[in-house]
Q: 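Dropping the structure in here first, questions after.
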Amino acid sequence: MALNFDGSSFVAVDDDAFGNGEGTLTQPLDAAVEAAIHSNHIHIAQGLNIATWTPYTDGGTGTAPGDNVRPYASMDWMTIAPIWRIPFMPGDVGIDIDMGYRVRDFGDTLTTNTLSYWIRAMVPGLGGEVVELSSTDWNTTRITVNFNIEVVRPLWLPVRIFGRSEIYPTANDSADVATAYIRDTMGSTYYSAGNNSNEPNTTTPDVQVTKAISNGIEQFHDHVAYDDSSVISNPGMVLNPSIDPGATYTAVPHFMSFIQIHGMGLRTFQDPGA
Amino acid sequence: MAYKFQIIDASRRRPQISNTGDTAVIQAFNTFILTSRPKVLALGPAGLFDSTLEEYSAKGWPLRWPYVNGDDGEVTLDDWSLQTHFPGSRITLDLSVFAAHQTASFWDPAQPALSKLEEMATKMDWTLGLEALQLQDGDASWAAASDVGSDSQVVKMLHWPTYNGRGTYRLLQTASYIADTGAYEYNHVFKEGMTGIEDAAFVSDHRLSLTLSGGGYDGDLPIRVKVTASGTGTPSYRGPAQTMPQNKANLRLYVLGTVYVEHPQALAAQ
């Protein structure tokens, strides 16, 4: 490996730098040693500030890659990680977000994976980035957010990581589900782990959206919750945006892509000043 | 000198003998900057896995947002094992929470009139705690672990009613359905753990701080940090006369984010 002094690797300083080998410094540090020290500083500066998040998964016993990791899906931008306020120090010019993930969808055949999933990572005031993920198997990725400006004083700012699904264009069931979803006649499976399944389910509404058609106008609605508790009426599927209660409509479900996340790492970095 | 990592540029890189005073100072300063910089040790929360919640909320999966009800007593909300870079560091916890007044998700004649919701602001004291424990030789259980640092704060929080008739704020909408779940079998909250862009306004940040020392603290050993919270106050309610909001059980604290940061002593002494 070539010896570089640009901070890309740690550079050893050998005994020759210390002169005659008798433990006494008999010569001043030369330029090569100084460059090594400085390069090592840069190397350490770039690698020192990393932290990870490892969320609980499920208590299931499955060991296949897709097992036990809760899927996230939404047609609007919604966070897929906690909100973290972390320190940014003078000289920081960006942040790397590393992620172990899997993106899947059930498409119209329940087995195909044709849809993408988008991540929007941002540090308000400093910068953001949007990336498209389409991996169908477990994968890792690094999302690099290069700041618009260099940090010039210590700041504590939130890191927000949003996700957004792609909706499969064809309904996965052409039958009108307006009554089934809205009026409390669903089956017994509501969430992807509902039948003790370790994989996300093909039938559950957590990885679907509802398309409502009223007077020829189509609008998609995210599934927020399923409500069985009302003492006045059973609203059934709680949608966002909500449907005008006076509207006459039909509704069909669509699959959308979802993401499963094993863990994340954040790493702030500085300009190596090459 | 600016509080910033210094680049030694070409003008200071002498061809042969370069260890003149200025570059030596810069190198020493850079060492100081690198060691004294606040270091994020862990990100959380890990979530909440409680099999008794299986029939509710996100069925069969862990919840992303650990929570504590006002009448629960002290609950551990996050729990990590950490190894600091340097012994005796100061540890800070930045805690992002959502304080909810769990009003119903639907309209109910027993509830106050919709127009009164603006008055349903409820305040209550929460005691937030951060504790560092260390297992040392001879300790047989965590009960015997040494307390090597702790902090607590009493914070008076303003709780947001989760009723959200138009579904504009998804955090409120989601929280309101988590609220409903306890008594009903078939409620499921699909967007638990997810917030919309508009929800940032509901998040409040709190900081706890401790310095690792005492209790036979050993800087070579890892520590366990625990975040706790309990509703220790009496709800102060401004609104129409009825019982629901005044019940501590209807006030709930959700943890939306935790960040553990090490502050080496060199910086702490500034």
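Just so you know, these numbers use all the heavy atoms, side chains as well, and skip hydrogens, waters and symmetry mates. A, B, ... follow the sequence lines: proteins, then strands. Residue 1 opens every chain.
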Q: Here's one to test your reading of the geometry: is the NZ or CZ of B:R207 within 45 degrees of the ring axis of A:W156 and under 6.0 Å from its centre?
A: yes

Q: What part of B:L41 lies closer than 4.5 angstrom to a heavy atom of chain A: side chain, backbone, both or neither?
A: backbone

Q: Taking CH2 in B:W65 as the centre, count heavy atoms belonging to other residues, nucleotides or ligands within less than 6.0 Å. Is the count above 12?
A: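 Count over threshold, so yes.
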
Q: Mind checking whether B:F98 and B:Y254 have parallel, tilted or perpendicular rings, split at 30° and 60°?
A: parallel

Q: Looking at B:Y67, does the NZ or CZ of B:R252 lie under 6.0 angstrom from its six-membered ring centre and within 45 degrees of the ring axis?
A: yes

Q: Between A:A73, A:P124, A:A81, who has the most heavy-atom pairs with chain B when the cutoff is under 4.5 Å?
A: A:A73

Q: Select one option (side chain, backbone, both, neither) describing which atoms of B:V203 are under 4.5 Å from chain A's heavy atoms.
A: side chain

Q: Could you look at A:T52 and say if it's the side chain, the backbone, both or neither that has a heavy atom under 4.5 Å from chain B?
A: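 Only the backbone of A:T52 comes within 4.5 Å of chain B.
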
Q: Would A:H254 and A:F220 count as a close aromatic pair, with their ring centres under 6.0 Å?
A: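 Here the rings of A:F220 and A:H254 have centres that are less than 6.0 Å from each other.
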
Q: So does B:E262 pair up with B:R90, basic N to acidic O under 4.0 Å?
A: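 No, this pair does not count.
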
Q: I'd like to know which of B:A46, B:G47, B:G257, B:G196 tops the heavy-atom pair count under 4.5 Å against chain A.
A: B:A46

Q: Using a 4.5 angstrom heavy-atom cutoff, name the option from B:G193, B:A200, B:P45, B:A42 with the most pairs to chain A.
A: B:P45

Q: Between B:S96 and chain A, with a heavy-atom cut-off of 4.5 Å, which part of the residue counts as in contact: side chain, backbone, both or neither?
A: side chain

Q: Taking side chain as everything from C-beta outward and backbone as N, CA, C, O, which of these in A:R153 sits under 4.5 Å from a heavy atom of chain B? Side chain, backbone, both or neither.
A: neither

